[in-house]
Amino acid sequence: QWTGSNSHDNNNDGDAGQGKGGTDRHNLLQMASLDESYPMTIKDAKFWDSVSSLTDPDASGEDIAVGLATSGFYCAKKATDACPAQFTLAKKRKLDDELDNAPASYFGHVLKFDKTGTLIYMCSRNNNFSNRSQKGALYVK
């Protein structure tokens, strides 16, 4: 779960990020290592193979990855009990590359990890090769 904004007013201070002025967006994409500046494709992001959602038990790992990667713009790749078909990757309009048309806040999932592993992740909106890099690591023990 995270919170962004559609209307922050920082008096032109702190509005140097990507995307539409006055907005904050976040997403989570798997990376191969912290040394890189670009994400893996969801197809190659194997961390999600051993993750399930307690809030949407019908969601596959790929569905969860799609929701997190798109800041909730698409709730899943395919329809589930908690994700109507009109909000899936196949049915909904195109996501803006800077997440401007994604929701400011995202409820996400309560996740269950079925095995240990490491998720190296990044936010594509808050990643500018010249002056910032929002990355992290999640260790499941």
Side-chain angles (χ1 to χ4, degrees), residues 1-140:
Q1 173 176 337
W2 56 72
T3 303
S5 174
N6 282 326
S7 59
H8 72 69
D9 181 8
N10 292 334
N11 296 319
N12 294 322
D13 183 27
D15 197 21
Q18 305 306 109
K20 183 179 175 184
T23 66
D24 293 311
R25 297 290 187 273
H26 310 281
N27 65 344
L28 189 147
L29 298 132
Q30 185 175 351
M31 297 173 29
S33 79
L34 286 171
D35 296 331
E36 298 185 10
S37 294
Y38 53 89
M40 301 169 72
T41 64
I42 290 176
K43 178 182 167 188
D44 293 332
K46 300 301 180 195
F47 180 83
W48 304 108
D49 292 347
S50 61
V51 175
S52 57
S53 172
L54 298 178
T55 49
D56 186 1
D58 293 332
S60 68
E62 187 175 33
D63 292 325
I64 295 165
V66 164
L68 292 170
T70 65
S71 191
F73 183 80
Y74 304 116
C75 56
K77 183 176 179 181
K78 61 169 177 46
T80 67
D81 285 344
C83 177
Q86 69 265 28
F87 298 113
T88 63
L89 188 60
K91 298 285 185 180
K92 202 167 181 190
R93 68 191 187 282
K94 187 176 188 254
L95 176 65
D96 179 78
D97 63 353
E98 292 187 335
L99 306 176
D100 286 336
N101 61 344
S105 300
Y106 178 51
F107 176 73
H109 295 269
V110 176
L111 300 177
K112 178 182 176 190
F113 301 93
D114 299 325
K115 60 183 179 181
T116 61
T118 302
L119 171 65
I120 306 296
Y121 64 89
M122 66 175 285
C123 174
S124 63
R125 163 92 174 233
N126 302 317
N127 187 51
N128 185 304
F129 301 107
S130 65
N131 65 348
R132 72 186 147 279
S133 177
Q134 190 178 47
K135 301 175 185 177
L138 172 68
Y139 300 99
V140 178

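- Screening L29, N27, L28 for a side-chain contact (heavy atoms from CB on, under 4.5 Å) with Y121, the sole residue that qualifies is L28.
- The CD atom of Q134 lies 9.5 Å from the OG atom of S124; values are rounded to the nearest 0.5 Å.
- Among all heavy-atom pairs drawn from D63 and D58, the shortest one is OD2-O, 4.2 Å.
- Nearest heavy atom pair, residue I64 against residue S52, reads CD1-C, 3.8 Å.
- In this structure, the separation between NZ on K46 and CG on L119 is 14.5 Å, given to the nearest 0.5 Å.
- Checking side-chain atoms of K77 against main-chain N and O of A65 turns up no donor-acceptor pair under 3.5 Å.
- What you find for L95 and A102 is that their closest heavy atoms are CD1-CB, 4.1 Å.
- Annotation: side chain of W48 is in contact with side chain of L111 (closest heavy-atom distance under 4.5 Å).
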Evaluation steps, salt bridge (charged side-chain N to carboxylate O under 4.0 Å, His left out), between D96 and R125: CA-CA 11 Å; D96 179 78; R125 163 92 174 233; over 6 Å; no

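- Annotation for C83 and K78: closest pair SG-O, 4.4 Å, computed over non-hydrogen atoms.
- S37 places none of its side-chain heavy atoms less than 4.5 Å from the side chain of M122.
- Note that the CG atom of D49 and the CD atom of E62 stand 9.0 Å from one another [nearest 0.5 Å].
- The NZ atom of K94 lies 10.0 Å from the CZ atom of F73; values are rounded to the nearest 0.5 Å.
- Residues M31 and Y38 share a closest heavy-atom pair of CG-O, 3.7 Å.
- Put simply, NZ on K115 and CZ on F47 are 10.0 Å apart, with the number rounded to the nearest 0.5 Å.
- The OG1 atom of T118 lies 10.0 Å from the CG atom of L34; values are rounded to the nearest 0.5 Å.
- Considering all non-hydrogen atoms of both residues, Q86 and K91 come closest at CA-CB, 4.0 Å.
- Within the 4.5 Å cutoff, side-chain heavy atoms of N101 are placed close to those of R93.
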